[in-house]
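A quick write-up on the structure given underneath.
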Amino acid sequence: MNSRTREGSSGDQNTAPIIWHDWGSYPFDLARQRNQPVILSIDAVWCYWCSVMQDTTFCDPDIIEFVNSNFVCIRVDNDHRPDINNRYNVGGWPTTAFLTGHGGILAGATYLPPDQFIAMLIEVHKAYQDQKPELYQQANNLFRQRQDQVERIKGSANLNPLEVQRIRQKTAGIYDPINGGFGEEPKFPSCSLIRLVLDSYRTTGEEFYRIIVEKTLTGMADGSLRDSIDGGFFRFCNFANWTDAQHEKMLDDNIRLASIYLDAWMLLENETYKTVADETLNYVINNLYDQEHEGFRGSQGAHSEYYNLVGQDRIDQAPPSIDPSCYLDLSAQAASLFFRAYWMMGRSDLLEIARSVLQNLVSKLRGNDLFHVFGITKSQSLVLLSDWASFLNVLMDSHNWDATNPNSLEIAVEVSEIIIDLFYDQENGAFFDIVKDDEAVGYLKLREKPLPDNLLIIEGLLKLYNATLNDRYHRILSDTLRAYATSYGDYGEYAAAYGLLQQRFVNSQVEITIEGDPTDPSTSEFIRAALQSKVPHLLVRPLFNDDHQGGAEAHICHSSVCMPPVRDVQGILEQISSIQFDSRLGQDQIFEQFQV
């Protein structure tokens, strides 16, 4: 929205709606002029309870009158403004936060029915009139606490090469041996944890890890988390045995799950996992790919009545609505997966889409139009680390998995310099999530360093360093990883991704280049053999070459030394086994402590 105010759908024909403002300085200036608190509503197009609150609470005539008379209201879309959501979300969607005229937090809640909301409105309004100084002091204290948290993230601690073992131990401790997965209900896929365990099985060969992976992937695929009719995975299940799914589908989840099932198929040679990956990719393409705007939409909404239908009954009904917006980070991440999946599955449609999306993003870069939201709706020139880091990753994945694009590496170097200039903390290490803005309001004045965003840039810079051997990238990677060496455990399942990236960083890369035709079975066999190798830091680079007589050819390089080419799987295995790796990571000793 370009206007300063907008009328929501709150209210009926005889009642003026709640006056909603877009985020910006204007509504906060207005709140201070009127001496009124601010209501910040954060919703999402996929959120069922957001629509319920919109159709009930925000349509109540008494609430509308009281709100418009005593508050200044701001509405934000979670997916359009993740920077605001990350700072003001109070535990879920919808979020209803009460703020000062300077953007400090007074109180907050998630879904509130009309009776509870009106009670909270009256309480906040009265407190703001009677105890404003105390409320401001409380809000200022919360702001300073958050500021202190940001300042503690600095690259001062040393990296521990054994850290990944500790993370594996903690992961094993929360494994659900009855149902698969991790933790208690509600049960989320926890993709970072599955990825850690899958990689642990690849590098150690321990049966314990294989059991965890198979039980978890089978439980999710066979349970109600997976939509067996339309395809794709739902966001989570309410019960630990993978039943009673929450029915929204997120592109982020489906990208990561398709990638995991794809790699599990390669590693464990279970054809069911290939089928699940294939069907999930089909769901993403058929429902979330926007061919006109060459990008991917973020989600499909929840509609329990629709998803409770079976067979033809569902097919005959209109499906839940799909987010009309495309997102830079998700589009880049989907394209990254498609580049890899093309070589594993031999599906040319995946390569075509990946190339199209990347070309579109590069065109936006050249046109100074590379912002978070695109397509039918556009963001307000929002520049985020997660977007640019995902863009860097897809450029490097194009370089590594699609050698027909010779410019990807050059553009990746260019993009990395932009990222470092806009987001990197030169003094303390790690990357800020947003660009500097002297006119920022409230918590957006705090340039934070969330680990999930930094994991994306660490992954991209690590790929770039291995391709260029630029010591500057290595130094930045070291400082960024060290910045979270003592705090990564505060980020839940993202600690697992941190452990894997640190493991890759402290071990030199083994690069296996495979020349062949993706339609030739020998090429697939070579790729599978390469992906099954037990090296801790592995890069597989397929190159299209249909000139080889008699099948594919592999070239293995480690520490700037390249071995003679091999023409059979056994040769790949023998050459890899001859490589001497750094023994600092050791072997796990957790199996006596945790039994399946």
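All values reported here derive from a predicted model rather than from experimental measurement.
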Kindly indicate whether the side chain of [X], heavy atoms from C-beta on, has any atom under 4.5 Å from the side chain of [Y].
{"X": "Gln532", "Y": "Glu269", "result": "yes"}
{"X": "Leu328", "Y": "Lys364", "result": "no"}
{"X": "Ile84", "Y": "Leu444", "result": "yes"}
{"X": "Leu385", "Y": "Leu422", "result": "no"}
{"X": "Ile174", "Y": "Leu193", "result": "yes"}

To the nearest 0.5 Å, tell me how far [X] [atom1] sits from [Y] [atom2].
{"X": "Asp479", "Y": "Leu159", "atom1": "CG", "atom2": "CG", "result": "9.5 Å"}
{"X": "Tyr209", "Y": "Arg168", "atom1": "OH", "atom2": "CZ", "result": "5.0 Å"}
{"X": "Asn160", "Y": "Thr486", "atom1": "CG", "atom2": "OG1", "result": "12.5 Å"}
{"X": "Asn470", "Y": "Leu464", "atom1": "CG", "atom2": "CG", "result": "7.5 Å"}
{"X": "Phe236", "Y": "Glu248", "atom1": "CZ", "atom2": "CD", "result": "6.0 Å"}
{"X": "Phe339", "Y": "Leu358", "atom1": "CZ", "atom2": "CG", "result": "5.0 Å"}

Test your reading of the model: is there a side-chain donor-acceptor pair from [X] to the backbone of [Y], 3.5 Å cut-off?
{"X": "Ser533", "Y": "Ala529", "answer": "no"}
{"X": "Arg87", "Y": "Asp83", "answer": "yes"}
{"X": "Lys187", "Y": "Gly180", "answer": "yes"}
{"X": "Lys449", "Y": "Gly429", "answer": "yes"}
{"X": "Asn393", "Y": "Ala389", "answer": "yes"}
{"X": "Thr480", "Y": "Leu477", "answer": "no"}
{"X": "Ser408", "Y": "Met396", "answer": "no"}
{"X": "Asn507", "Y": "Gln503", "answer": "yes"}
{"X": "Thr218", "Y": "Lys215", "answer": "no"}

Taking all non-hydrogen atoms of both residues into account, name the closest pair between [X] and [Y] and its distance.
{"X": "His537", "Y": "Ser508", "answer": "CB-O, 3.7 Å"}
{"X": "Tyr494", "Y": "Leu455", "answer": "O-CD1, 3.7 Å"}
{"X": "Asn400", "Y": "Pro542", "answer": "O-CD, 3.6 Å"}
{"X": "Gly155", "Y": "Arg482", "answer": "O-NH1, 2.6 Å"}
{"X": "Phe233", "Y": "Asn254", "answer": "N-OD1, 2.7 Å"}
{"X": "Gln509", "Y": "His558", "answer": "O-CD2, 3.5 Å"}

If you count the non-hydrogen atoms of other residues, nucleotides and ligands that lie under 6.0 Å from [atom1] in [X], is the total more than 12?
{"X": "Ile178", "atom1": "CD1", "result": "no"}
{"X": "Glu427", "atom1": "CD", "result": "no"}
{"X": "Glu184", "atom1": "CD", "result": "no"}

For the residue pair [X] and [Y], is the inter-centroid distance of their aromatic rings smaller than 6.0 Å?
{"X": "Tyr289", "Y": "Phe338", "result": "no"}
{"X": "Phe143", "Y": "Tyr443", "result": "yes"}
{"X": "Tyr273", "Y": "Tyr261", "result": "yes"}

How about [X] and [Y]: does a side-chain donor come under 3.5 Å of a side-chain acceptor?
{"X": "Gln502", "Y": "Tyr488", "result": "no"}
{"X": "Asp222", "Y": "Trp242", "result": "no"}
{"X": "Asp176", "Y": "Asn179", "result": "yes"}
{"X": "Arg195", "Y": "Ser259", "result": "yes"}

Dump the intermediate steps for side chain to side chain contact (heavy atoms under 4.5 Å, CB included) on Thr404 and Arg355, then the final yes or no. CA-CA 10 Å; Thr404 60; Arg355 287 175 173 173; 2.8 Å; yes
Hey, are Asp397 and Lys463 close enough for a salt bridge, meaning a charged N less than 4.0 Å from a carboxylate O?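 Looking at Asp397 and Lys463, the cut-off is met.
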Hey, mind stepping through Ile476 and Phe431 against side chain to side chain contact (heavy atoms under 4.5 Å, CB included) and telling me if it holds? CA-CA 10 Å; Ile476 291 174; Phe431 290 78; 3.7 Å; yes
Excluding sequence neighbours, so at least two apart, what forms salt bridge (charged side-chain N to carboxylate O under 4.0 Å, His left out) with [X]?
{"X": "Glu417", "result": "Arg472"}
{"X": "Asp252", "result": "Arg256"}
{"X": "Asp199", "result": "Arg202"}
{"X": "Glu410", "result": "none"}

Using side chain to side chain donor-acceptor pair (under 3.5 Å) as the criterion, list what pairs up with [X], not counting sequence neighbours.
{"X": "Ser190", "value": "none"}
{"X": "Thr513", "value": "Glu511"}
{"X": "Arg528", "value": "none"}
{"X": "Trp46", "value": "Asp79"}

Apply side chain to side chain contact (heavy atoms under 4.5 Å, CB included) to residues Cys237 and Glu185 and explain how you reach the verdict. CA-CA 8 Å; Cys237 286; Glu185 53 194 41; over 6 Å; no
Working for side chain to side chain contact (heavy atoms under 4.5 Å, CB included), residues Asp490 and Leu451: CA-CA 9 Å; Asp490 298 336; Leu451 178 60; over 6 Å; no
ring-ring contact (aromatic ring centres under 6.0 Å, His included) partners for Phe526, two or more places apart: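 ring-ring contact (aromatic ring centres under 6.0 Å, His included) list for Phe526, sorted by chain: empty.
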Who are the ring-ring contact (aromatic ring centres under 6.0 Å, His included) partners of Tyr465, not counting sequence neighbours?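 In terms of ring-ring contact (aromatic ring centres under 6.0 Å, His included), with neighbours along the sequence ignored, Tyr465 is linked to His474.
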Got a sec, which pairs hit salt bridge (Lys or Arg N to Asp or Glu O under 4.0 Å) with one end in residues 146-159, sequence neighbours left out?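 Non-adjacent pairs meeting salt bridge (Lys or Arg N to Asp or Glu O under 4.0 Å): Arg146-Glu448.
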Sequence neighbours excluded, which residues qualify as side-chain contact (heavy atoms from CB on, under 4.5 Å) partners of Pro518?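 Per chain and number, Pro518 pairs via side-chain contact (heavy atoms from CB on, under 4.5 Å) with Tyr342, Trp343, Phe544.
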